[in-house]
2 protein chains.
Amino acid sequence: MDAEQLREYAHKMVDFIADYYKNIENFPVLSQPGYLRELLPDSAPAKPESLQDVLDDVQAKILPGVTHWQSPDYFAYFPSNSSVAGFLGEMLSAGINMVGFSWITSPAATELEMIVLDWLAKALKLPDEFLSTGIDSFFVHVESCFLISYFGITFHAKLSMVGSRVPGQGGGVIQGTASEAVLVVLLAARDKVLRRVGKDALGKLVAYSSDQTHSALQKACKIGGIHPENCRVLKTDSSTEYALSPESLSEAISRDIASGLIPFFLCATSNGLWFHIDAAYAGSACICPEFRHYIDGVEEANSFNMNAHKWFLTNFDCSALWVKERNALIESLSTNPEFLKNKASQGNMVVDYKDWQIPLGRRFRSLKLWMVLRLYGLENLQAYIRNHIELAKKFEELVKLDPRFEVAAPRNFSLVCFRLLPTENNVECANRLNRELLDAVNSTGKLFISHTVLSNKYVLRFAVGAPLTEERHVFAAWKTLQEKASALLRKS
Amino acid sequence: MDAEQLREYAHKMVDFIADYYKNIENFPVLSQPGYLRELLPDSAPAKPESLQDVLDDVQAKILPGVTHWQSPDYFAYFPSNSSVAGFLGEMLSAGINMVGFSWITSPAATELEMIVLDWLAKALKLPDEFLSTGIDSFFVHVESCFLISYFGITFHAKLSMVGSRVPGQGGGVIQGTASEAVLVVLLAARDKVLRRVGKDALGKLVAYSSDQTHSALQKACKIGGIHPENCRVLKTDSSTEYALSPESLSEAISRDIASGLIPFFLCATSNGLWFHIDAAYAGSACICPEFRHYIDGVEEANSFNMNAHKWFLTNFDCSALWVKERNALIESLSTNPEFLKNKASQGNMVVDYKDWQIPLGRRFRSLKLWMVLRLYGLENLQAYIRNHIELAKKFEELVKLDPRFEVAAPRNFSLVCFRLLPTENNVECANRLNRELLDAVNSTGKLFISHTVLSNKYVLRFAVGAPLTEERHVFAAWKTLQEKASALLRKS
């Protein structure tokens, strides 16, 4: 690590990356590469190679095999935003390259993370109990609660509950991904119940979710030893806009209690369930007053998660998780080996984030979120979100204007679910048609979209959210979709 | 994300980071900051701020609170290497900013990871079964096996076992940390046994480790629902150089089987245990022929892990894990929701790394390992390791030459465990003295070391491994240690 070599080489890399962004529209979005193994040697070189050789290889061999998530023509899954500020934050974090598992291993890293997550919690108007500088516990009375899934679809569940005192203190922590966020809170919820009822009751614990909830929850259940048959995946349909019906949730919970099982995860009811809100995607939009109502009821949640790396201009990975009861996390995830002991930790004077997450080591990820918030400011971030939602509305209008298509579920935020209608009324035929349309448009390399299945219907997902996407990219994507649809309909 | 703004700002950031490395010796290694919260505003700004303001704040408010892991005077815990190549790899990965959970989401990311981990496996002379291009299964006969802990201390366990056919194929995957590596293989081992004996047997599973094994294993057991009383932490002492005695392991296993319990994790014996080698730190040294013998017996392991981000010039995080039986991982960790389905995955034509790890999303981390291997070459990497080991030997000699000190455990690789001897023969007094010495030297800001406890003795750990450390830094550190020791002994 020579400072002057770093300077020389990193300046070259800056130009390489800036040129990449300058030309990003010229790449096919979804690559269909040949196989890299045939292009690279079988083993590592014994002698050093030059930077230029490596950059040439990146250009000729790596970039052709990259799916360009930053392309303005990327509309698949959900966005994964890069930005100047996010990139600078990554650079600085990689430059400092510390491993901030305990406060002592870089006090600034822990403290900045607490501060920046308080900033973001305030921008989202989360209850004070989620702040690191939280207020004392108080009584809660649940009237209703809402769950926003990864898919940006709102689930409503109204449950009356007995008020109860919230113990301990809350705070925010950056996880790598929403899957890790749901895992750590599920483990906290599991162990909290098991401390009460005894560890042999593991086989009786039941977690509840809708069939629209992200598969990360099922994976978390599996990791935590929750029996697969105790993961209640409750059916939803278009009658509730794919929201969980409070009646079906109540019924499922009552049935399980009657069978001697122990409901433990999803909704804060008098049964003492841990209620987690996964707003990985949609959370970003809640910094705009006009969208904040989507998380009304968050007061009743035990934990809340949004991914700044999705739609908030913060480079991957940066998944913000807030909990009201940090001790529940710590009791599940803390370790205290001799070689990590230090006065500050032993004195309970500081937060050691290692006890809020699965891994021990952790990067200085708060830097990039801090830079995004400072270099753009909240007003620009709101404008950024609103622009994408306007673009999605335009796309939705285009779909509605073409009678060959239908919007398959109400648009939420910047995600449009739609499908090509079949010429005859046959589900299998319709699904095949849309699968073929997806393949046809993605193979052009001009755009990349993805799909899902709603009520047995194969539907296409058009998620606006890449930082470089403008109206012209949306129009061009729609044109490609129409062209390929015409060709398919002619053929069928 | 404007390409030209990125270019302008990132060039500024390059100079900022290069200047940081140029001046790194001027910072106190271990910071004792004031509190950041008083220095920063309470909430995010509404309007954008300038890059210069942010950089000024980094200089004035963040860097003083950073513990400088890249300082040449950093000798605590284990190293966390930064290098020009590692940094460039991080930059490029942040620039491309893709989320490579499935092959389709960036084929080059998955393929490069498989290729580079094959390169590294070959440099470590791991058995072919750990390669992605692995050979067909064959019979194994275990004669002996070795475990290297996080601490660089070797555990020996010789166990005879019945030969058995290894099913499936192996391969390497980059995890974030060694703690995640041990968790995923523990889950794979757990579920493999439970598929055989039924999921209600979870409470009977037993994991074995020595009292020198990293606390990550206990955390993994807790996450996976292994009962704490079924985690056998077997005692070691200086008579076996803190290695696990094969006899005590055999005895513990036999005793557990007799009690109706099910041994499942640590050593590949005829009982069918999963044998994991955690060579997080020491693994790097095994690219040198003269140190490779420390992992003799790796043929018998089910999984092997080394952290390229510790002592291999690859910026954090990059923890390389190899398994022989990728299907065991996949069966524990796969999810297959509709919205992630694609032809390549459904056809089993590709590796989807999401099924080899806890999170769904993942960064393009193979780039930095690839750059380290190419820009330095294996010969320079070997020279790099050897130089640190020579420096550690020199430090060990210095300790031995001063009769007031003792080397507390045989030096392994670049880690020296030592302590100041008490004036009277009293364990408590000796421990207090060394705690005081640790505090005294760390408070100077001139160096940072850590500690552990071996056989009830509080010992100091001096880990050489920062990329910028030269002989003069080791000598200066020793001088500070001697001075503070003299002052303490005068006082006592």
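Here the structure is a predicted model, which is why all the values come from computation and not from measurement. Quick note on labels: first sequence line is chain A, next is B, and so on, each numbered from 1.
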Chemist: Against chain A, label Ser319(B) side chain, backbone, both or neither, depending on which of its atoms sit under 4.5 Å from a heavy atom there.
Modeler: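 Neither the backbone nor the side chain of Ser319(B) comes within 4.5 Å of chain A.
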Chemist: Which atoms of Lys22(B) come close to chain A, meaning under 4.5 Å heavy atom to heavy atom: side chain ones, backbone ones, both, or neither?
Modeler: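 Both backbone and side chain.
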Chemist: Please state whether the side chain, the backbone, both or neither of Thr177(B) comes within less than 4.5 Å of a heavy atom of chain A.
Modeler: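 Only the side chain of Thr177(B) comes within 4.5 Å of chain A.
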Chemist: What residue in Asp53(B), Asp2(B), Asp19(B) has the most heavy-atom pairs under 4.5 Å with chain A?
Modeler: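 Counting heavy-atom pairs under 4.5 Å, the top option is Asp19(B).
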Chemist: Please look at Leu373(B) and chain A and tell me whether the side chain, the backbone, both or neither of the residue comes under 4.5 angstrom of a heavy atom of that chain.
Modeler: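 Backbone plus side chain of Leu373(B), per the 4.5 Å heavy-atom cut-off to chain A.
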Chemist: Using only atom types and a distance under 3.5 Å, with no angle test, would you say the side chain of Ser179(A) pairs donor to acceptor with the backbone of Pro359(B)?
Modeler: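 Here the side-chain-to-backbone pair does not exist.
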Chemist: Quick one: what part of Tyr9(B) sits under 4.5 Å from any heavy atom of chain A, side chain, backbone, both or neither?
Modeler: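 Contact with chain A involves both backbone and side-chain atoms of Tyr9(B).
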Chemist: Taking 4.0 angstrom as the limit, do Lys222(B) and Asp191(A) come out as a salt bridge?
Modeler: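 So Lys222(B) does not pair with Asp191(A) through a salt bridge.
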Chemist: Between Met114(A) and chain B, with a heavy-atom cut-off of 4.5 Å, which part of the residue counts as in contact: side chain, backbone, both or neither?
Modeler: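 For Met114(A), heavy atoms of backbone and side chain both lie under 4.5 Å from chain B.
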Chemist: Heavy atoms only, distances under 4.5 angstrom: which of Tyr21(B), Phe364(B), Trp69(B), Phe87(B) has the most pairs with chain A? Name it, please.
Modeler: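 Max contact count across the listed options: Trp69(B).
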Chemist: Can you tell which part of Leu187(B) gets under 4.5 Å to a heavy atom of chain A, answering side chain, backbone, both or neither?
Modeler: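 Interface part for Leu187(B): side chain.
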Chemist: Taking only residues two or more places apart in sequence, or in another chain, which ones meet Lys199(B) in a side chain to side chain donor-acceptor pair (under 3.5 Å)?
Modeler: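 Lys199(B) satisfies side chain to side chain donor-acceptor pair (under 3.5 Å) with Glu229(A) only.
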Chemist: Can you say whether Ser83(B) sits under 4.5 Å from chain A via the side chain, the backbone, both, or neither, judging by heavy atoms?
Modeler: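 For Ser83(B), backbone heavy atoms alone lie under 4.5 Å from chain A.
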Chemist: Quick check on Asn336(A) against chain B: is it the side chain, the backbone, both or neither that has a heavy atom closer than 4.5 Å?
Modeler: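 For Asn336(A), neither part sits under 4.5 Å from chain B.
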Chemist: Taking side chain as everything from C-beta outward and backbone as N, CA, C, O, which of these in Lys343(B) sits under 4.5 Å from a heavy atom of chain A? Side chain, backbone, both or neither.
Modeler: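 Lys343(B) touches chain A through side-chain heavy atoms alone.
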Chemist: Are Arg363(B) and Asp317(B) ion-paired here, with the side-chain N under 4.0 Å from a carboxylate O?
Modeler: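 Salt bridge: yes.
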Chemist: Is any side-chain N of the basic residue among Glu111(B) and Arg37(A) closer than 4.0 Å to the acidic one's carboxylate O?
Modeler: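 Arg37(A) and Glu111(B): not salt-bridged.
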Chemist: Leu183(B) versus chain A, heavy atoms under 4.5 Å apart: side chain, backbone, both or neither?
Modeler: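 Answer is side chain: those atoms of Leu183(B) sit under 4.5 Å from chain A.
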Chemist: Restricting to non-hydrogen atoms, name the atom on Gly95(B) and the atom on Ser82(A) that form the minimum distance, rounded to 0.1 Å.
Modeler: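 Result for this residue pair: O-OG, 4.5 Å.
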Chemist: If every non-hydrogen atom of Pro45(B) is compared with every non-hydrogen atom of Trp119(A), which pair is closest and at what distance?
Modeler: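 Pro45(B) and Trp119(A) have their closest heavy atoms at CD-CZ3, 4.1 Å.
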Chemist: Picking from Ser80(A), Gly225(A), Gly86(A), Ser334(A), which has the most non-hydrogen pairs under 4.5 angstrom with chain B?
Modeler: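 Most heavy-atom pairs under 4.5 Å with chain B: Ser80(A).
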Chemist: In terms of heavy-atom pairs under 4.5 Å, which option from Ala46(A), Ala3(A), Pro41(A) contacts chain B the most?
Modeler: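 Winner by heavy-atom pair count: Ala46(A).
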Chemist: Using non-hydrogen atoms only, which part of Ala44(A) is less than 4.5 Å away from chain B: side chain, backbone, both, or neither?
Modeler: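 The answer is both parts of Ala44(A).
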Chemist: Could you look at Leu333(A) and say if it's the side chain, the backbone, both or neither that has a heavy atom under 4.5 Å from chain B?
Modeler: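 Both parts, backbone and side chain.
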Chemist: Applying side chain to side chain donor-acceptor pair (under 3.5 Å), name anything that partners Asp355(B), two or more places apart in sequence or on another chain.
Modeler: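 Applying side chain to side chain donor-acceptor pair (under 3.5 Å) to Asp355(B) gives none.
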Chemist: Need one label for Pro467(A): side chain, backbone, both or neither, based on atoms under 4.5 Å from any heavy atom in chain B.
Modeler: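 Looking at Pro467(A), just its side chain touches chain B.
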Chemist: Measure distances from Leu40(B) to the heavy atoms of chain A and classify the residue's part below 4.5 Å as side chain, backbone, both or neither.
Modeler: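 Interface part for Leu40(B): side chain.
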Chemist: Using heavy-atom distances under 4.5 Å, tell me whether Leu88(A) contacts chain B through its side chain, its backbone, both, or neither.
Modeler: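 Both parts, heavy atoms under 4.5 Å.
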Chemist: Measuring heavy-atom distances to chain A, does Arg190(B) have an atom under 4.5 Å in its side chain, in its backbone, in both, or in neither?
Modeler: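 Just the side chain, heavy atoms under 4.5 Å.
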Chemist: Thr105(A) and Val99(A): which non-hydrogen atoms are nearest, and at how many Å?
Modeler: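 What the structure gives for the nearest pair is OG1-O, 3.1 Å.
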Chemist: Tell me, side chain or backbone of Gln218(A) under 4.5 Å from chain B's heavy atoms, or both, or neither?
Modeler: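 For Gln218(A), no heavy atom lies under 4.5 Å from chain B.
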Chemist: For Ala123(B), is it the side chain, the backbone, both or neither that has a heavy atom under 4.5 Å from a heavy atom of chain A?
Modeler: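 Neither part.
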Chemist: Is it the backbone or the side chain of Asn23(A) that comes under 4.5 Å from a heavy atom of chain B, or both, or neither?
Modeler: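 Neither part.
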Chemist: Under 4.5 Å heavy-atom distance to chain B, tell me which part of Leu202(A) shows up: side chain, backbone, both or neither.
Modeler: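 Contact with chain B is through the side chain of Leu202(A) alone.
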Chemist: Is a side-chain N or O of His451(B) found less than 3.5 angstrom from the main chain of Asn342(A), in a donor-acceptor match?
Modeler: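 Answer holds: no.
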Chemist: What part of Glu4(B) lies closer than 4.5 angstrom to a heavy atom of chain A: side chain, backbone, both or neither?
Modeler: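 Contact with chain A is through the side chain of Glu4(B) alone.
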Chemist: Donor-acceptor check, side chain of Asn81(A) to backbone of His309(A), threshold 3.5 angstrom: yes or no?
Modeler: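 Looks like no, no N/O pair under 3.5 Å.
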Chemist: Where does Ser332(A) contact chain B at under 4.5 Å (heavy atoms): side chain, backbone, both or neither?
Modeler: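 The backbone, not the side chain.
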Chemist: Using modelled atom types and a 3.5 Å cut-off, is there a donor and acceptor pairing between side-chain atoms of Asn97(A) and backbone atoms of Phe316(B)?
Modeler: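 Checking the backbone N and O of Phe316(B) against the side chain of Asn97(A), a donor-acceptor pair under 3.5 Å is found.
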Chemist: Please classify the contact of Ile24(B) with chain A as side chain, backbone, both or neither, using a heavy-atom distance under 4.5 Å.
Modeler: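 Neither part.
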Chemist: Which bit of Ser93(A) is near chain B, if near means a heavy-atom gap under 4.5 Å: side chain, backbone, both or neither?
Modeler: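 For Ser93(A), neither part sits under 4.5 Å from chain B.
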Chemist: Non-hydrogen atoms of chain B under 4.5 Å away: do they reach the side chain of Lys47(A), the backbone, both or neither?
Modeler: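 Contact with chain B: backbone and side chain both.
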Chemist: For each of Arg374(B), Met13(B), Glu90(B), tally heavy-atom pairs with chain A at distances under 4.5 Å, and name the one with the top tally.
Modeler: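 Top count of heavy-atom pairs under 4.5 Å with chain A: Arg374(B).
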Chemist: Any side-chain to backbone donor/acceptor pair from Arg461(B) onto Tyr77(B)? Under 3.5 Å, distance only.
Modeler: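 Yes: the side chain of Arg461(B) pairs with the backbone of Tyr77(B).
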